[in-house]
Amino acid sequence: ALKSFNQSLSFNPLSSRTWLNRGILLSECQNYPEMLSNFQQLIRIQPSHYEGWFYKGNALLALQRESEAICCYDKALEFNLNYYKAYGNRGIAQSSLGKFQAALDSYDKALKIHPDDPDIWYNRGCAFVAWGKPRQAIMSYNSALEIAPNHLPSLVNRGNLFMELGKYQDALNAYDKALKIAPQAI
């Protein structure tokens, strides 16, 4: 598939759609340096391409360049304030830098736009865990599980927190449900 995108770009090097799809393929292949280069090219062609900025941020985040990723997510939001995924991923980058309140603000903005995304609730819970606030984390995991009852990461993390809090029966229930969903993953 990458060969096809490259061939297409040799005929039309200014095709933002081809650059976008090529970059998404590179993301799926976890080729983050090439993905970064790809989205830099897309942004050169179309500087207001909010998805280009978003995916450039994702490449930087994968390369552990969180501060640069945040700048890219901010740029994506400059061009599309309702792009909730940019708020969500900005929260991940902020949390990685220990900026937990900023991360929670980003997650809350994402959830205001799209409250039914269990992954954002999950990431919000992870920020609370990293910040040392297990009860708030459990509430976020519960919200994720209300949306997606089989959201495995939320079940496992909630179980871990119940263990830490000495709520062993609740932990056992969470782990049992996780085992029923994905026994090979636990």
Apply side chain to side chain contact (heavy atoms under 4.5 Å, CB included) to E34 and R22, showing your working.
-> CA-CA 10 Å; E34 182 66 21; R22 181 180 184 273; 3.0 Å; yes
Can you tell me how far [atom2] of [Y] sits from [atom1] of [X], rounded to the nearest 0.5 angstrom?
| X | Y | atom1 | atom2 | result |
| --- | --- | --- | --- | --- |
| M35 | L60 | CE | CG | 9.0 Å |
| E51 | Q46 | CD | CD | 10.0 Å |
| Y55 | H49 | OH | NE2 | 10.0 Å |
| S4 | L25 | OG | CG | 9.5 Å |
| M163 | D170 | CE | CG | 11.5 Å |
| L155 | I181 | CG | CD1 | 5.0 Å |

Treating Ile, Leu, Val, Met, Phe, Trp and Tyr as nodes and any side-chain heavy-atom pair under 4.5 angstrom as an edge, say whether [X] and [Y] lie in one connected cluster.
| X | Y | value |
| --- | --- | --- |
| L14 | F11 | no |
| L111 | L81 | yes |
| V156 | V129 | no |
| Y141 | F128 | no |
| L42 | L61 | yes |

If you take all heavy atoms of [X] and [Y], which pair is closest and at what distance?
| X | Y | answer |
| --- | --- | --- |
| L9 | S15 | CD2-O, 4.2 Å |
| I45 | P13 | CD1-O, 3.3 Å |
| C72 | W53 | CB-O, 3.4 Å |
| P118 | A144 | O-CB, 3.5 Å |
| A171 | G159 | CB-O, 3.4 Å |
| P153 | Y122 | CB-CE1, 3.4 Å |

All pairs passing salt bridge (Lys or Arg N to Asp or Glu O under 4.0 Å) where residues 99-115 contributes a residue, at least two apart | D108-R124
After noting the C-alpha distance and the side-chain angles of F54 and Y73, does the key distance pass the side chain to side chain contact (heavy atoms under 4.5 Å, CB included) rule?
-> CA-CA 5 Å; F54 171 75; Y73 297 134; 3.8 Å; yes
For [X], look at atom [atom1] and say whether over 12 heavy atoms of other residues, nucleotides or ligands are found less than 6.0 Å away.
| X | atom1 | value |
| --- | --- | --- |
| R17 | CZ | no |
| Q64 | CD | no |
| K167 | NZ | no |

Can you tell me if [X] and [Y] form a side-chain donor-acceptor pair at under 3.5 Å?
| X | Y | answer |
| --- | --- | --- |
| N89 | Y83 | no |
| N173 | Q169 | yes |
| D119 | H151 | yes |

Tell me whether [X] contacts the main-chain N or O of [Y] through its side chain, where contact means a donor paired with an acceptor under 3.5 Å.
| X | Y | value |
| --- | --- | --- |
| W121 | I147 | no |
| K56 | I43 | no |
| N38 | W19 | yes |
| S10 | Q7 | yes |
| S37 | P33 | no |
| S96 | I92 | yes |

Determine, step by step, whether Y107 and Y87 satisfy the side chain to side chain contact (heavy atoms under 4.5 Å, CB included) criterion, reporting the C-alpha distance in whole Å, the side-chain angles of both residues, the deciding distance to 0.1 Å, and the verdict.
-> CA-CA 6 Å; Y107 294 134; Y87 286 114; over 6 Å; no
Decide side chain to side chain contact (heavy atoms under 4.5 Å, CB included) for I138 and L165; before the verdict, give the C-alpha distance in whole Å, the side-chain angles of both, and the deciding distance to 0.1 Å.
-> CA-CA 11 Å; I138 289 171; L165 296 171; 3.6 Å; yes
Find out whether [X] and [Y] are in side-chain contact, i.e. whether some heavy atom of one side chain is under 4.5 Å from a heavy atom of the other.
| X | Y | value |
| --- | --- | --- |
| L77 | R90 | yes |
| F39 | L20 | yes |
| S95 | N123 | no |
| N150 | L145 | no |

